[in-house]
Every structure is written in C-alpha cells, then in structure tokens.
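A quick write-up on the structure given underneath.
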There are 2 protein chains.
Amino acid sequence: MNIGDVSSRSGLPAKTIRYYEDIGLIKPHRSANGYRCFAETDLHKLAFLGRARALGFTIEDCRTLMALYEDESRASADVKQLAQEHLAKIQAKIADLQAMRDTLDELVKGCAGDSRPDCPILKDLSGKR
Amino acid sequence: MNIGDVSSRSGLPAKTIRYYEDIGLIKPHRSANGYRCFAETDLHKLAFLGRARALGFTIEDCRTLMALYEDESRASADVKQLAQEHLAKIQAKIADLQAMRDTLDELVKGCAGDSRPDCPILKDLSGKR
DNA sequence: ATGAGGGTTCCAGTCAGGGGAAGGTCAAGA
DNA sequence: TCTTGACCTTCCCCTGACTGGAACCCTCAT
C-alpha cells in the first residue's frame, strides 16, 4: 500500500502519517522507487493511533499505549493507570472551561448588546468592583 | 515602574509582559538606561489582558477587546457578539471533552487493572468489534 | 572591587501537525 | 513516443502563547 491508500483507509492525513514515521511511531518499508510501503500491521497501528488521539491521549501516551499493546506480558493495571491519569486531566480541563463559561455567561447575560457603549463585560475586564 | 514591579502587581510573568509589548498590545516607555518604564495605565492594561486571557479569549480577541474598551463610542453589541462567539467555542470544547471523558470512563471502568494482560482499553483502541 | 539581583536582547523549543515549493515516479491516453 | 495528471518524495517555515536559557548590561550594597 502507498501512503494515499493508508491515508484513506485510516482516515489520517498523509502529512500525519509521515509525521508519525518521523517520530518513530511507525516504520513502513520502502519500495524500490522510494515510496513508503505499508503493510496491514502498519495500517492497524495507524488506526490504533487515530483512536487513541481521538480520545485525547498525547503522542507520548500513544507511544506508551502501543508499547503496552505489543507487550503480551503487560499488566492491565499499567494501561488503566495511564488512562486514569489522562481522564483526570480531561476532567480538570472540563472544570476550567466550565468556570470560564459560567463567568462569561453571566457577563453576556448582563450586557444589553445594543448601540450604547455601556458594557458590563468591559467593565468586568477592566477590574470594576 | 520597572518590569518586575508590574509583573508582581499584575500577576503576569515578565516574559509575558515583554511578549505583549513585542506583539504591540502595550507600549511602555523606556528609561535612560534602556529599562522599560511602565505607567499606571500600562499596569491597568496588563490587568485587563490578564483577566481576558483567564476567560480564554485569544490574543487577537484581547486586542479587539482593548480597542473596544478604549473606544468611547463603541457599541456594547460588538463586545457582546465577540463574547458570545467565544462562549460558543468554549461550549463546543466542553462538549468534545465530555464525549472523550464518557468514552474513556467506560473503558476505565471495564478494565480490571490487575497484573493480567487482558485489557478492554487496548482492545477498544485496537479496533475490537 | 565584587557580588547579588535587577534589567536587556536574541535564539530555540514547546505540541501536533499544516501549507506549500521543488522535484521524482507512474499509468493512461493521444 | 510524448504528455498529462495524479501520485509520491524531502525540505523548510508557520501556527499560539508563551517559556527557558545564554550572554550581556545596570545599580546598589558591602
């Protein structure tokens, strides 16, 4: 398979696939003409990576997850711990964003949104008290 | 005021303040020795920026907000619209993260987390069906 | 005179790729 | 056979919003 094939079959842009090779996540062979030559296992890995990235795991997490996946003697506890730490980070981010949203929502509600200059949003940002 | 003073009074790192000058958000004067020389208005602007950034506005949004703030004849509708668009982006991000969290939460719950290799998290990532 | 603790500029790195240029390769059609 | 167009390759710069560090200057106290 050429890169275009794995790209459409994995859903990942060709650029991303090259990047993943660059950072050592995959190691496709090369054809005589210099083109990357992907095996089914490469495609499988790319799909794995795509799903892990879609769950928000960092590239380094993905590297670790792939290593665990390929390690037949892994302990599921290691996988679970990684996932739980990631989950905690997501939760923290959600909480941050919710706090932002709540504040902003209050401010937006209080703003007339008309042609007059008076604006509680700007008042708040400028440090009104 | 030197940069250290505005840094501690605004809560922004000196590096950040220099960066804000670099991109034209503030324009402090210079003392004879080449040091930046901040007026109260600069401090006020930095505080404004700090609060806007804390609400998740991008630097470009901040630039617009500052311009609106300084424009006595602004319409609050312009401020409100900017804030609402930002709010929508925050909402979308929250929704994305919640979807990740829910999926991940399911997977984590299903994982024994012991010394055995069997792991539903890896199974899912590898495309089990 | 020296040392600590300010300040200055400039360069490089972060994260996970995206955009685009310059050029090589391949299969099909005229 | 030639050409066209769709692939593929590497290379380098760009993103946002800073952060870290090097190398150097200024000021004040000891």
Side-chain angles (χ1 to χ4, degrees), chain A residues 1-39 42-43 45-46 48-66 86 89-90 92-93 96-97 100, chain B residues 1-39 42-43 45-46 48-66 85-86 89-90 93 96-97 100:
Chain A
M1 271 182 288
N2 282 345
I3 200 166
D5 305 323
V6 273
S7 173
S8 55
R9 287 182 61 187
S10 69
L12 297 173
K15 279 273 190 189
T16 298
I17 297 172
R18 291 195 193 97
Y19 174 65
Y20 287 173
E21 182 188 14
D22 224 47
I23 61 174
L25 283 177
I26 51 168
K27 297 178 179 43
H29 292 130
R30 295 289 178 139
S31 305
N33 58 12
Y35 287 14
R36 285 169 186 81
C37 176
F38 296 85
D42 294 316
L43 180 57
K45 281 188 192 184
L46 287 170
F48 183 101
L49 290 169
R51 278 184 288 264
R53 292 286 299 130
L55 285 178
F57 285 103
T58 67
I59 291 284
E60 284 318 301
D61 283 347
C62 290
R63 202 187 293 279
T64 306
L65 285 169
M66 287 240 309
H86 180 46
K89 280 177 203 154
I90 290 180
K93 243 182 224 172
D96 282 358
L97 288 171
M100 279 183 200
Chain B
M1 272 182 289
N2 282 344
I3 201 167
D5 304 324
V6 272
S7 173
S8 56
R9 287 182 61 188
S10 70
L12 297 173
K15 278 276 191 190
T16 299
I17 297 173
R18 291 196 192 97
Y19 173 66
Y20 286 173
E21 182 187 13
D22 224 48
I23 61 175
L25 283 177
I26 50 168
K27 296 178 179 46
H29 292 129
R30 295 290 177 138
S31 307
N33 58 14
Y35 287 14
R36 283 166 187 83
C37 176
F38 297 85
D42 294 316
L43 181 57
K45 281 188 190 181
L46 288 170
F48 183 102
L49 290 168
R51 279 184 288 263
R53 292 288 299 129
L55 285 179
F57 285 103
T58 67
I59 289 286
E60 285 317 301
D61 283 348
C62 290
R63 203 187 293 278
T64 305
L65 286 169
M66 287 240 307
E85 284 168 11
H86 179 46
K89 281 178 203 154
I90 290 180
K93 244 182 224 171
D96 282 358
L97 287 172
M100 280 185 199

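Owing to the predicted nature of the structure, the values given are computational and were not obtained by experimental measurement. Chain identifiers are assigned alphabetically (A, B, ...) following the order of the sequence lines, protein sequences preceding nucleic acid strands; residue numbering begins at 1 within each chain.
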What is the separation between atom [atom1] on [X] and atom [atom2] on [N], rounded to the nearest whole Å?
{"X": "D22(B)", "N": "dC10(C)", "atom1": "CG", "atom2": "P", "result": "9 Å"}
{"X": "Y20(A)", "N": "dG17(C)", "atom1": "OH", "atom2": "C1'", "result": "8 Å"}
{"X": "K15(A)", "N": "dT10(D)", "atom1": "NZ", "atom2": "P", "result": "11 Å"}
{"X": "N2(B)", "N": "dG7(C)", "atom1": "CG", "atom2": "P", "result": "6 Å"}
{"X": "I17(A)", "N": "dG18(C)", "atom1": "CD1", "atom2": "P", "result": "11 Å"}
{"X": "D5(B)", "N": "dG5(C)", "atom1": "CG", "atom2": "C1'", "result": "13 Å"}
{"X": "E21(B)", "N": "dA17(D)", "atom1": "CD", "atom2": "P", "result": "18 Å"}
{"X": "F38(B)", "N": "dG6(C)", "atom1": "CZ", "atom2": "P", "result": "15 Å"}

Hey, which sits more toward the 5' end of DNA chain C by its nearest nucleotide, T16(A) or Y35(A)?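 This one resolves to T16(A).
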Mapping R30(B) and P13(A) onto DNA chain C by nearest heavy atom, which one lands closer to the 5' end?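 Checking each residue's closest nucleotide, the 5'-ward one belongs to R30(B).
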From the list dC18(D), dA16(C), dT10(D), which nucleotide is the closest neighbour of the side chain of R36(A)?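 Ranking dC18(D), dA16(C), dT10(D) by closest atom to the R36(A) side chain puts dT10(D) first.
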So what does I3(B) hit on the nucleic acid, given a heavy-atom distance under 4.0 Å: a base, only sugar-phosphate, or nothing?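 Here I3(B) touches the backbone only, sparing every base.
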For a quick check of understanding: with a heavy-atom distance under 4.0 Å over all strands, which category does F57(A) fall into, base, sugar-phosphate or nothing?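 Nothing, no nucleic acid heavy atom in range.
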What pair of heavy atoms forms the shortest contact from L97(B) to I90(A), and how long is it?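 Smallest heavy-atom distance, with atoms named: O-CG2, 3.7 Å.
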Stepwise side-chain contact (heavy atoms from CB on, under 4.5 Å) check, D42(B) with H29(B): CA-CA 10 Å; D42(B) 294 316; H29(B) 292 129; 5.8 Å; no
Apply side-chain contact (heavy atoms from CB on, under 4.5 Å) to the pair R36(B) and R30(B), showing each step before the final yes or no. CA-CA 5 Å; R36(B) 283 166 187 83; R30(B) 295 290 177 138; 3.4 Å; yes
Quick check on [N]: is either OP1 or OP2 less than 4.0 Å from any side-chain nitrogen or oxygen of [X]?
{"X": "R53(A)", "N": "dG17(C)", "value": "yes"}
{"X": "N33(A)", "N": "dT9(D)", "value": "no"}
{"X": "R18(A)", "N": "dG19(C)", "value": "no"}

Reported CE-to-CD1 distance for the pair M66(A) and I26(A), which is rounded to 0.5 angstrom: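 Rounded to the nearest 0.5 Å, the CE-CD1 separation comes to 8.0 Å.
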Donor-acceptor pair under 3.5 Å, Y19(A) side chain vs dG18(C) base: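 Flag unset: no donor-acceptor pair detected.
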Show your working on side-chain contact (heavy atoms from CB on, under 4.5 Å) between Y20(A) and R53(A) and close with a plain yes or no. CA-CA 12 Å; Y20(A) 287 173; R53(A) 292 286 299 130; 3.6 Å; yes
